[in-house]
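Okay, here's the structure, questions in a sec.
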Amino acid sequence: MRWSQLFIPTLRETPSDAEVPSHQLLLRAGYIRPLASGIYSYLFLGQRSLLKITAIVREEMDRIAQEFYLPALHPDTLWRESGRWDAMGETMFRLQDRGKRWLCLGMTHEEIMTDLARHEVRSYQQLPQIWYQIQNKFRDEPRPKGGLLRTRQFTMKDSYSFDLDEEGLRQSYQKHYETYCRIFERCGIEYVTVEAHSGSMGGSRSHEFMVLSETGEDRVVRCAACGYAANMEKAVSKLAPVQDVEAGPPEKFATPGQRTIEDLAAFTELPPTRLLKTLVYQAGEDTVLVLLRGDHQVNESKLADLFGELALRPAHPEEIQQALGASAGSLGPVAVQGRRILADQALEGRRDLVCGANEDDFHLRHVTPGRDFSAEFHDLRAVQSGDLCPQCSSPMEVRGAIEMGHVFQLGKRYSEKMGASVLNRDGKETTLWMGSYGIGMERILAGVIEQRHDRDGIVLPPAIAPFSLVVVPVNSGDAGQMSVAEQIYQQAKGDGFDVLLDDRKERPGVKFKDADLIGIPFRVTVGRKVTSGLVELAVRSTKETSDVKITEVNEFLRAAWSKNSAAAARRSKNEQAIGKRS
RNA sequence: CGGGGCGUAGCGCAGUCUGGUAGCGCACCUGCCUUGGGCGCAGGGGGUCGGAGGUUCAAAUCCUCUCGCCCCGACCA
């Protein structure tokens with residue numbers, strides 16, 4: 001295509017309300033434009049790149065599943081059946097039709113798929129089934145952010161598996177896991193897979209596919225040595241043992257104004273590992289104590305798991321005062337009666353610790369768990385960088401990440417509630433085992449850009465770039481250059497490349513800047529040397545350039561292409577090997 | 001929902017404190033010039049100053065209300 005006829009509105013300056021790199025670059029490169037908070041129009045380049053991603057996803061999914069296309073507008077009835085009409089709260093977009101019937105915009109499609117399955121699938125002989133679609137999802141997010149990273153309307157590849165039993169589900173899950181690996185590899189993403197928190201429904205197996213990026217909202221814990229990887233919500237760690245000495249009975253001492261662990265460590269000249277941190281939570285109607293080692297933070301998802309469906313929140317200052325008679329900063333578990341006390345495992349077997357005395361400005365020393373108070377021990381702490389791997393005891397790291405895909409074993413959660421069952425071999429009604437699997441299409445694009453950009457712009461892998469090649473005649477007034485550019489353009493097009501001819505009457509600097517900005521992987525520059533039969537081939541990712549004979553351009557392109565794709569694939573393979581749990 | 005910031009030309013901003021002709025850079029249009037990294041010269045078009053109400057002889061500027069966007073937090077099947 002000819003640039004002069006296309007709509008590629010690049011911006012020289014960064015729009016002021018874009019913060020993260022992918023958002024800034026998508027705007028500057030003319031891929032997207034905002035319509036409202038968390039709602040974007042995809043312009044020519046953005047749509048073209050998304051179509052390439054879609055094509056890859058579709059090709060890989062078609063190997064294991066059948067493509068459907070379901071409505072985005074759903075009647076309330078199905079969502080009431082699953083119980084999610086109420087559970088989704090304000091995140092669900094709702095509306096009424098002229099007959100005052102309630103509808104919603106689909107946030108996901110478990111209900112619709114399950115409805116199809118229960119009506120049409122009657123026999124175990126029809127199983128397994130895997131159905132997918134690539135479709136819009138609508139979520140009224142409390143806070144859209146980061147351009148395409150968290151939006152209110154986005155495109156998701158979502159699939160659903162239906163099996164007769166748990167073993168079948170395991171296989172459908174495995175198929176998806178492998179398919180997702182292939183998809184992300186082909187897209188040229190460096191990703192990791194992590195064990196994910198399965199939420200309050202409990203028990204189910206779940207993995208997330210993550211792009212490592214500090215702009216991400218998620219945190220993942222990784223062990224470089226053995227490949228252990230988990231979402232922060234779920235990650236566990238071992239601790240180096242701490243040597244304590246036997247100590248006498250607890251002894252109260254004054255600690256005027258010492259409110260934080262930091263204060264207290266300085267005041268007592270003890271390391272934070274010798275201090276005991278007391279947090280107070282409200283779990284439903286109950287006030288509970290949560291104990292951690294001074295240098296640890298609580299992991300609220302682990303804590304929430306202990307309370308099932310009960311709503312959990314930090315207690316308010318008045319509630320703390322009422323429960324313990326002191327305010328945060330002087331709290332402790334000693335002599336507390338009638339309250340549930342939960343302690344992190346790091347405190348089990350410890351002796352001679354310091355904790356609050358439940359009297360403002362006083363603490364206790366020589367406190368020994370088990371002797372001076374009793375508690376239930378659970379894994380409650382958030383893993384921190386440097387903690388030891390639960391599998392191999394090597395130090396682990398915590399990194400930011402963007403979730404691009406999620407595979408989830410649902411089990412019978414929906415099929416039971418909605419009555420999706422088949423007759424098994426024995427003629428008995430059997431509830432279906434379901435899985436659900438999602439990929440955020442825009443997040444692939446945004447995630448890759450977070451990962452692959454430089455000061456000049458976007459650096460897309462060939463597989464998902466809107467064009468693979470741009471041909472730039474340096475002087476559009478030079479007939480010789482223009483005709484060679486035209487020739488190379490036609491030739492590359494004939495050879496199957498997605499090629500863009502920059503035939504604009506612009507100065508060379510403008511064309512180079514734009515080509516770099518929009519992230520086209522290869523560029524052929526037709527300049528002065530054309531008179532000696534030479535043009536220049538530039539690789540966007542490495543900035544390497546080389547002079548090439550006009551007659552050999554296509555050969556070079558093919559070589560550069562396969563080299564680039566191979567390098568991307570290799571990178572992903574490594575990452576995946578690291579990410580996979582052994 | 002709590003905290004913070006910002007709405008002035010397509011984009012980036014100044015002007016607001018201290019009321020008095022609405023500005024700058026880039027982009028855009030025309031012409032000339034130039035052609036290997038956002039060139040140069042000349043001329044030109046483009047504004048309900050987010051919106052409503054109020055104070056005032058006079059409001060982008062002061063007051064009240066309101067809408068929108070971004071960031072932090074809460075939240076996020």
Side-chain angles (χ1 to χ4, degrees), chain A residues 9-20 23-24 27-28 30 33-40 79 82-92 104 106-111 137-147 149-152 154 156 158 160 196-201 204 206 208 215-218 231 233 300-301 304 311-314 403 406 408 410 413-414 434 436-438 440 455-457 472-482 502 504-517 523-530 534-536 538 543 545 547:
Chain A
T10 57
L11 304 174
R12 182 195 292 243
E13 285 165 302
T14 304
S16 58
D17 54 11
E19 201 97 337
V20 306
H23 188 198
Q24 295 178 344
L27 288 168
R28 283 192 57 209
R33 286 293 181 265
L35 178 62
S37 179
I39 305 177
Y40 288 88
W79 286 82
S82 70
R84 293 209 291 182
W85 181 262
D86 296 321
M88 287 306 182
E90 294 198 296
T91 308
M92 179 180 261
C104 68
M107 310 170 61
T108 170
H109 283 73
E110 278 84 4
E111 281 79 359
K137 298 287 184 266
F138 300 88
R139 297 178 190 183
D140 195 1
E141 293 287 349
R143 188 149 87 82
K145 58 179 156 183
L149 289 175
R150 180 169 289 279
T151 55
R152 296 194 292 173
F154 60 98
M156 184 186 247
D158 49 321
Y160 305 86
H197 186 74
S198 41
S200 53
M201 51 203 82
S204 300
S206 162
E208 289 166 339
T215 51
E217 303 169 81
D218 285 292
N231 189 306
E233 293 175 337
E300 287 198 7
S301 5
L312 185 79
R313 61 165 174 82
E403 178 188 349
H406 199 160
F408 203 100
L410 290 174
R413 180 181 160 82
Y414 295 89
M434 291 176 55
S436 107
Y437 318 87
R455 52 198 296 273
D456 293 317
V472 179
V474 168
N475 183 349
S476 55
D478 182 319
Q481 290 185 15
M482 285 308 279
D502 194 350
R504 293 177 298 170
K505 289 181 182 28
E506 288 285 356
R507 296 182 52 86
V510 173
K511 298 185 184 180
F512 293 146
K513 288 286 184 193
D514 273 344
D516 286 349
L517 178 60
R523 186 183 80 211
V524 171
T525 309
V526 183
R528 285 202 195 87
K529 290 180 186 163
V530 77
L534 291 176
V535 295
E536 181 189 84
K543 301 256 156 130
T545 62
D547 286 333

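Excluded from the calculations below are hydrogen atoms, water molecules and symmetry mates; all remaining heavy atoms, backbone and side chain alike, are included.
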- [ ] Please list, chain by chain and in numerical order, all residues satisfying side chain to side chain donor-acceptor pair (under 3.5 Å) with D516(A), sequence neighbours excluded.
- [x]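 None.
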
Task: Integer-rounded Å distance: C71(B) P and R150(A) CZ - done: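 It is 12 Å, rounded to the nearest whole Å.
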
- [ ] Using both distances under 3.5 Å as the test, list the Watson-Crick or G-U wobble partner of U61(B), or none.
- [x] none

Task: Complement of C24(B), any strand, by Watson-Crick or G-U distances under 3.5 angstrom - done: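 Pairing partner: G12(B).
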
Open item on the list: Could you identify the nucleotide paired to C6(B), looking across every strand shown and requiring Watson-Crick or G-U wobble geometry with both distances under 3.5 Å?
Closed with: G68(B)

Open item on the list: Applying side-chain contact (heavy atoms from CB on, under 4.5 Å), can you list everything that pairs with E506(A), at least two apart in sequence or on another chain?
Closed with: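 With sequence neighbours excluded, E506(A) shows a side-chain contact (heavy atoms from CB on, under 4.5 Å) to R504(A), V510(A), K511(A), given in chain and number order.
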
Short N/O separations, protein against nucleotides 72-74 of chain B, under 3.5 angstrom:
unit_1: C72(B); atom_1: OP2; unit_2: R143(A); atom_2: NH1; d: 3.1
unit_1: C72(B); atom_1: OP2; unit_2: R143(A); atom_2: NH2; d: 2.9

- [ ] Could you encode protein contacts along nucleotides 32-37 of chain B as a string, one character per nucleotide from 5' to 3', using B for base contact, S for sugar-phosphate-only contact and - for no contact, with a heavy-atom cut-off of under 4.0 Å?
- [x] --BBBB

Task: Identity of whatever pairs with C41(B) - Watson-Crick or G-U, under 3.5 angstrom - done: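 Pair assignment: C41(B) / G31(B).
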
Task: Partner set under side chain to side chain donor-acceptor pair (under 3.5 Å) for Q481(A), not counting sequence neighbours - done: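 Per chain and number, Q481(A) pairs via side chain to side chain donor-acceptor pair (under 3.5 Å) with no residue.
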
- [ ] List in chain and number order the residues that pass salt bridge (charged side-chain N to carboxylate O under 4.0 Å, His left out) with E217(A), two or more places apart in sequence or in another chain; answer none if no residue qualifies.
- [x] K145(A), R150(A)

- [ ] Looking at every strand, decide which applies to R313(A) at a 4.0 Å heavy-atom threshold: base, sugar-phosphate, or nothing.
- [x] nothing

Open item on the list: Please classify the nucleic acid contact of S37(A) as base, sugar-phosphate, or nothing, using heavy-atom distances under 4.0 Å.
Closed with: sugar-phosphate

TODO: State which residues pass side chain to side chain donor-acceptor pair (under 3.5 Å) with N475(A); sequence neighbours excluded, sorted by chain then number.
DONE: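 For N475(A) there are no side chain to side chain donor-acceptor pair (under 3.5 Å) partners, ignoring immediate neighbours.
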
Task: R33(A): salt bridge (charged side-chain N to carboxylate O under 4.0 Å, His left out) partners, not counting sequence neighbours - done: none

TODO: Mind checking G146(A) for me? I need base, sugar-phosphate or nothing, with any heavy atom below 4.0 Å counting as a touch.
DONE: sugar-phosphate

TODO: Could you tell me which residues satisfy side chain to side chain donor-acceptor pair (under 3.5 Å) with D547(A), sequence neighbours excluded, listed by chain and number?
DONE: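 With neighbours one apart ignored, the set is K529(A).
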
Write down the protein N/O and nucleotide N/O pairs, taken from nucleotides 9-13 of chain B, whose separation is under 3.5 Å; answer none if there are no such pairs.
unit_1: C11(B); atom_1: O2; unit_2: E13(A); atom_2: OE1; d: 3.3
unit_1: G12(B); atom_1: OP1; unit_2: S16(A); atom_2: N; d: 2.8
unit_1: G12(B); atom_1: OP1; unit_2: S16(A); atom_2: OG; d: 3.4
unit_1: C13(B); atom_1: OP2; unit_2: S16(A); atom_2: OG; d: 3.0

Open item on the list: Checking K513(A) now: which residues fulfil side-chain contact (heavy atoms from CB on, under 4.5 Å) with it, not counting sequence neighbours?
Closed with: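 Counting only residues at least two positions away or on another chain, K513(A) forms a side-chain contact (heavy atoms from CB on, under 4.5 Å) with D456(A).
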
Task: Contacts of N231(A) that satisfy side-chain contact (heavy atoms from CB on, under 4.5 Å) - sequence neighbours left out - done: V194(A), E208(A), M210(A), D218(A), E233(A)

